[in-house]
Protein chains: 2
Amino acid sequence: MTSVEEPARSNGRTRDAARTQAEILDVATQEFARVGFAGARVDDIAARTSTTKRMIYYYFGGKEQLFTAVLERAYGVIRDAEQELDVEHLDPVAAIRRLAELTFDHHEQHPDFIRLVSIENIHGAEHIAASEKLGRIGSPALDVIRRILESGQKSGLFTADVDAVDLHAMISSFCFFRVSNRHTFGALFGRDLVDPAQREHYRAMLGDMVIAYLTAPRAED
Amino acid sequence: MTSVEEPARSNGRTRDAARTQAEILDVATQEFARVGFAGARVDDIAARTSTTKRMIYYYFGGKEQLFTAVLERAYGVIRDAEQELDVEHLDPVAAIRRLAELTFDHHEQHPDFIRLVSIENIHGAEHIAASEKLGRIGSPALDVIRRILESGQKSGLFTADVDAVDLHAMISSFCFFRVSNRHTFGALFGRDLVDPAQREHYRAMLGDMVIAYLTAPRAED
DNA sequence: ACTAATGTACGAACTGGTGAGTTAGTAATA
DNA sequence: TATTACTAACTCACCAGTTCGTACATTAGT
């Protein structure tokens, strides 16, 4: 009850621009992922940080740029994770299966990222298009797929006529849908695609699907 | 059957509750699909109709209920389409491929529906959950898949251990992702998944994938 | 002392929703 | 047929609360 006018020393927090920005990004990521871009409230985001709304405008300029910054950081995380991929010591079949499993795991572990991407798609990917940072971001995973695919096709193990981008789309679609459409799918068909008890089932299903596709005997014509 | 008591509505100028409601739903569908639930403006929706905002509240009660009504109608369309499925005269392999192709086509032809479902997932499917109409809507496609699957498994043609819901998820994920994630995927990897020139390629890819998975030789253990 | 970092208070524009009144269609009645 | 009574369909103007953004004051670190 020290009713003496206490200087705004609420917590022993020192000034730290990087820390403040990171905190804003953390909260903004949660909020945007939770309710979308238009649904998110700048005041709410500010209220959940230890700083003020003014700082959001000071550091990011506006709601739109804040969302872009959130996207940039989220994509940065996944790119960093992809850079740690280490599957090329395996034979092509095992490598692809392992890669699919890692994609599966990563999607499951980052539902907020999935939601952000869904939201960005609703907005026609306009923030990605406007971002220099995201414009020419390479995909390490794509490079890995490309090499494995080439090796598997050269040895005749892989018969399918796909390139790395297509295979990446195939793997991603399954992993992404499972998380992104969890709610409507569950509500309509009574099955939770992210039920932990079913996790191994769907993980194996993905691997089986991709390998079956890549190695299936082709019809000659 | 020239019914005399048919209300005279030669042009759209006369009063017609059903017509007004349908017009509101049409416009609302476009708007919600375009900018999401929170992004949509009731005033804008009203302005694009030939009636007024007050009518939206008169007929639907509010923005939330309007969105639910939009969803209900959108799901009704897809259910009606599924009811016209006629593939069971084909052998299991051909039937599944045809079903996958029809799903592929339907997704491609209804991008607004895809967007609405994406939006509803951002909202945790709360509108579907709250809707009596959508709560216990059966899926004709699921019944068809179930029968084909059973037939194919009984004959030993299909070796995969999946049920109809899982297979539906697999097919849907590919078709849905291709449309829903078109923009981010295109921006990041420089490939338009909905490019008409690539349409047949992806359509075949889906069928090949599903059939390869269902008929792949299983490892005995 | 100087500047980057931060906080407070405020406002113009917007947004979902509503109150109150009007018009068109219809059916019963005279 | 003409009048009346009634209701569904509709319009307009406005409110109460919200929302993004900013002007201005203040503080901490060097």
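Residue numbers begin at 1 in each chain, while the letters A, B, ... track the order of the sequences. The analysis underlying the following values was restricted to heavy atoms, covering all of them including side chains, and did not include hydrogens, waters or symmetry mates.
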What residues form a side chain to side chain donor-acceptor pair (under 3.5 Å) with A:D166, not counting sequence neighbours?
B:R191, B:H201, B:Y202

Identify, with sequence neighbours excluded, every residue that meets salt bridge (Lys or Arg N to Asp or Glu O under 4.0 Å) alongside A:D26.
A:R73

For A:E64, the side chain to side chain donor-acceptor pair (under 3.5 Å) test, sequence neighbours excluded, returns A:H127

Nearest-Å distance for atom pair CE/P, residues A:M55 and D:dA23
14 Å

Provide, to the nearest angstrom, the distance between the CD1 atom belonging to A:I56 and the P atom belonging to C:dG7.
12 Å

In this structure, how many angstroms lie between the P atom of D:dC20 and the CG atom of A:L66, rounded?
11 Å

Contacts of type side chain to side chain donor-acceptor pair (under 3.5 Å), residue B:E150, not counting sequence neighbours
none

With a 3.5 Å cut-off and no angle check, do the side chains of A:E23 and A:S50 form a donor-acceptor pair?
yes

Expected output check: what is the dot-bracket annotation of DNA chain C, where ( ) and [ ] are pairs inside the strand (brackets for crossing ones), | is paired with another strand, and pairs are Watson-Crick or G-U under 3.5 Å?
||||||||||||||||||||||||||||||

Send over the distance from B:Y58 OH to C:dT23 P, rounded to a whole Å.
17 Å

Partners passing salt bridge (Lys or Arg N to Asp or Glu O under 4.0 Å) against A:D192 (at least two apart in sequence or in another chain)
A:R182

With A:K53, which residues qualify under side chain to side chain donor-acceptor pair (under 3.5 Å), at least two apart?
A:D43

Give every residue pair that meets the salt bridge (Lys or Arg N to Asp or Glu O under 4.0 Å) criterion with at least one member in residues 167-181 of chain B, sequence neighbours excluded.
B:E108-B:R178

What is the separation between atom CD on A:E23 and atom C1' on C:dA5, rounded to the nearest whole Å?
14 Å

If a protein heavy atom is under 4.0 Å from the base, mark B; if only from the sugar-phosphate, S; if neither, -; do that for nucleotides 10-22 of chain C going 5' to 3'.
-----SBBBBB--

Determine: side-chain N/O of A:Y59 to OP1/OP2 of C:dT6, distance under 4.0 Å, yes or no.
yes

Check whether any side-chain N or O of B:T51 sits under 4.0 Å from OP1 or OP2 of D:dA9, and answer yes or no.
no

Has B:T20 got a side-chain N or O lying under 4.0 Å from the OP1 or OP2 atom of D:dA9?
no

Test item: side-chain donor near acceptor, A:E72 and A:S131, under 3.5 Å
yes

